[in-house]
Amino acid sequence: MEKKLPACEGTIIHKEVVEEIKTKIPEEEVLYELGDFFKLLGDSTRIKILSALFHSEMCVCDIASLFDMTQSAISHQLRVLKQGRLVKYRKSGKVVYYSLDDEHVKEIVEQGLNHITEKK
């Protein structure tokens with residue numbers, strides 16, 4: 001049987017706290033964008049790609065080889081990551097190289113890794 005969490009039985013008890021917090025929470029649209037951003041990180045293949053790009057820019061062929069996946073599958077995930085502004089690319093002749101969009105991407109993923117690997 002699932003245990004119920006405790007809840008208030010009345011109306012707002014700490015009105016000042018509620019009003020203060022209302023002014024500090026980002027606007028609804030920003031929160032939706034943040035939720036979408038974290039959805040991008042909710043796929044293990046995309047996390048693998050980002051982890052590889054921590055160390056070096058890479059082309060699709062090399063990433064596909066690294067993870068024993070098709071170039072098509074990697075290209076699809078890179079397109080999603082690019083649309084989410086997590087990776088960028090540069091062309092050199094016919095080869096396209098991908099890298100992290102900025103240092104924030106690495107920091108966010110590293111913070112997540114630190115959180116899940118810390119001792120409980």
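Because the structure is predicted, anything quoted here is derived from the model rather than measured. We're numbering straight along the sequence, starting at 1.
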Using residues 60-69 as the side-chain source, report each donor-acceptor pair under 3.5 Å to any protein atom, sequence neighbours left out, with the distance given to one decimal.
none

If you look only at distance, which donor and acceptor atoms sit under 3.5 Å apart when one is on a side chain in residues 83-92 and the other is two or more places apart or in another chain?
from : atom 1 : to  : atom 2 : distance (Å)
R90  : NE     : E57 : OE1    : 3.1
R90  : NE     : E57 : OE2    : 3.1
R90  : NH2    : E57 : OE2    : 2.5

When rounded to the nearest 0.5 Å, the distance separating CD of E107 from CG of N114 is 11.5 Å
In Å, rounded to the nearest 0.5 Å, how long is the span from CD1 of I108 to CD of E103? 11.0 Å
Using the side chain to side chain contact (heavy atoms under 4.5 Å, CB included) criterion, which residues pair with E28? Sequence neighbours excluded. Y32
Which residues satisfy the side chain to side chain contact (heavy atoms under 4.5 Å, CB included) test with E29, sequence neighbours excluded? E33
Partner residues of E20 under the side-chain hydrogen bond (donor to acceptor under 3.5 Å, both in side chains) criterion, sequence neighbours left out: K24
Please give the remaining members of the hydrophobic cluster of V17, linking ILVMFWY side chains under 4.5 Å, ordered by chain and number. I21, I25, L31
Check: residues 35-55 side-chain donor-acceptor pairs under 3.5 Å, at least two apart:
from : atom 1 : to  : atom 2 : distance (Å)
D43  : OD1    : T45 : N      : 2.9
D43  : OD1    : R46 : N      : 3.0
R46  : NE     : L40 : O      : 2.8
R46  : NH1    : Q77 : OE1    : 2.8
S51  : OG     : I47 : O      : 2.9

Could you pull out all residues at least two apart from K22 that satisfy side-chain hydrogen bond (donor to acceptor under 3.5 Å, both in side chains)? none
In a check of side chain to side chain contact (heavy atoms under 4.5 Å, CB included) between L100 and each of V105, L81, V109, which one passes? V105
How far does CD1 of I74 sit from SG of C59, to the nearest 0.5 angstrom? 11.0 Å
Under the side chain to side chain contact (heavy atoms under 4.5 Å, CB included) test, residues paired with K15 that sit two or more places apart: I12, E19
